[in-house]
Each structure stands twice: as C-alpha cells, then as structure tokens.
Amino acid sequence: EVQLQAFGGGLVQAGGSLRLSCAASGFTFVDYAIGWFRQAPGKEREGVSCISSTDGSTWYADSVKGRFTISVNNAKNTMYLQMNSLKPEDTAVYHCAADLACPAIVAGLDPDYLEVWGQGTQVTVSS
C-alpha cells in the first residue's frame with residue numbers, strides 16, 4: 001500500500017523548534033518531488049516547502065524562509081522539516097506529499113489531486 005505518514009508535531013512556545021518527519025511506504029522518494037503543505041482552521045491551504053526530484057533544489061514559502069529546513073534521507077525513505085523560531089501563525093496541521101513536481105505540492109490544491117499525501121500532524125505554537 002502506498003502511504004505517507006507524518007509525525008513529530010506538538011505544542012511549543014513561540015521561538016521554539018520542532019522537527020517533523022514523514023515516512024513513506026509502498027514507494028520510494030527518489031522518483032518524486034516531495035514536500036509539505038499546511039492547513040490551519042479558517043485559512044487557505046498553504047505550501048510550505050518542497051524538494052525537486054530532478055535536481056534536488058528546494059523551495060520555501062516566504063513565510064518560512066530562513067526558519068524552516070527541508071531534508072530527505074533516501075536510505076530511510078524519510079523526509080524531515082526542521083522548524084525553528086516558530087511563530088503562532090505557524091499553527092496548523094502539517095501534511096507531507098509526493099508528486100511528479102513541486103508546483104503541484106505547494107500550489108494549495110485539493111490534496112486528492114496529489115499522487116500521494118498523508119493525514120498530517122498538528123503543530124500548535126503558543127504566544
């Protein structure tokens with residue numbers, strides 16, 4: 001079964017850090033662009049970060065540049081999102097996803113249009 005599972009979320013104070021992980025099963029990352037999007041109550045879905053499968057280039061939303069870092073361990077088929085200097089506005093459910101290219105993952109589309117996506121992990125940042 002093709003599956004992505006995100007974990008590592010939690011409650012943290014503003015200025016704190018969290019590292020999210022995303023484990024894949026049933027397929028390997030090397031053939032896909034992989035990344036993160038988030039959904040907060042009452043807000044539009046937002047692309048957060050992505051790694052391209054073609055050249056390994058990375059993309060970040062302006063709102064997280066300089067604070068978040070995406071990485072992947074292909075040997076473990078696991079992706080990470082290191083989140084530093086967290087802000088209350090980062091509060092959301094964070095989902096990991098895989099598709100043929102990054103634009104699909106970070107465009108804020110209905111995730112059912114994506115090749116693979118996971119149920120997400122809650123990140124709550126208190127002020």
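- Within the 3.5 Å criterion, the main-chain N or O of F29 finds a donor-acceptor partner in the side chain of N77.
- Formation of a donor-acceptor pair under 3.5 Å by the R67 side chain with backbone atoms of S85 is found in this model.
- Between E46 and A61, the closest heavy-atom pair is OE2-CB, 4.3 Å.
- Between C50 and W36, the closest side-chain pair of non-hydrogen atoms is not below 4.5 Å.
- Closest non-hydrogen pair, S52 versus A33, comes out as CA-CB, 4.4 Å.
- Counting only heavy atoms from C-beta outward, the side chains of V72 and I34 approach each other to under 4.5 Å.
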* To do: Begin with the C-alpha distance, continue with both residues' side-chain angles, and end with the deciding distance and a verdict on side-chain contact (heavy atoms from CB on, under 4.5 Å) for C96 and M79.
  => CA-CA 8 Å; C96 51; M79 173 177 61; 3.5 Å; yes

* In sequence, state the C-alpha distance, the side-chain angles, and the governing distance for F68 and V48, and then conclude on side-chain contact (heavy atoms from CB on, under 4.5 Å). => CA-CA 9 Å; F68 290 12; V48 176; 3.7 Å; yes

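- Between T91 and Q122 the shortest side-chain heavy-atom distance falls below 4.5 Å.
- At least one side-chain heavy atom of Q119 sits less than 4.5 Å from a side-chain heavy atom of W117.
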* R38/V123 under side-chain contact (heavy atoms from CB on, under 4.5 Å): CA gap, chis, key distance, verdict -> CA-CA 10 Å; R38 63 189 181 186; V123 172; over 6 Å; no

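- In this structure, H95 contributes its side chain and G118 its backbone to a donor-acceptor pair below 3.5 Å.
- Side chain to side chain, Q82 and R19 fail the donor-acceptor criterion of an N or O pair below 3.5 Å.
- Two different hydrophobic clusters hold L86 and Y80 under the rule that ILVMFWY side chains link at heavy-atom gaps under 4.5 Å.
- For the residue pair S21 / Q5, no side-chain donor-acceptor distance below 3.5 Å is found, with atom types taken as modelled.
- Using a 4.5 Å cut-off on side-chain heavy atoms (C-beta onward), R45 and L109 make no contact.
- Taking the side chain as every heavy atom from C-beta outward, V106 and W59 approach each other to under 4.5 Å.
- When ring centroids are compared, Y32 and F27 come within the 6.0 Å threshold.
- Inter-residue side-chain proximity for L81 and S49 is flagged as met; some heavy-atom pair is nearer than 4.5 Å.
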* Asked: What do the steps show when you test N84 against S17 for side chain to side chain donor-acceptor pair (under 3.5 Å), and what is the final call?
  -> CA-CA 4 Å; N84 299 328; S17 298; 2.9 Å; yes

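- You'll find the side chain of L20 reaches within 4.5 Å of the side chain of M83, heavy atoms only.
- Within the model, atoms CG of L11 and OG of S126 stand 5.0 Å from one another, a figure rounded to the nearest 0.5 Å.
- Hydrophobic clustering, with ILVMFWY side chains joined whenever heavy atoms are under 4.5 angstrom apart, keeps L114 apart from L4.
- Side-chain N or O atoms of T121 include one that pairs as donor or acceptor with a backbone N or O of G9 at under 3.5 Å.
- Judged purely by atom type and a 3.5 angstrom limit, T78 uses its side chain to pair as donor or acceptor with the backbone of K76.
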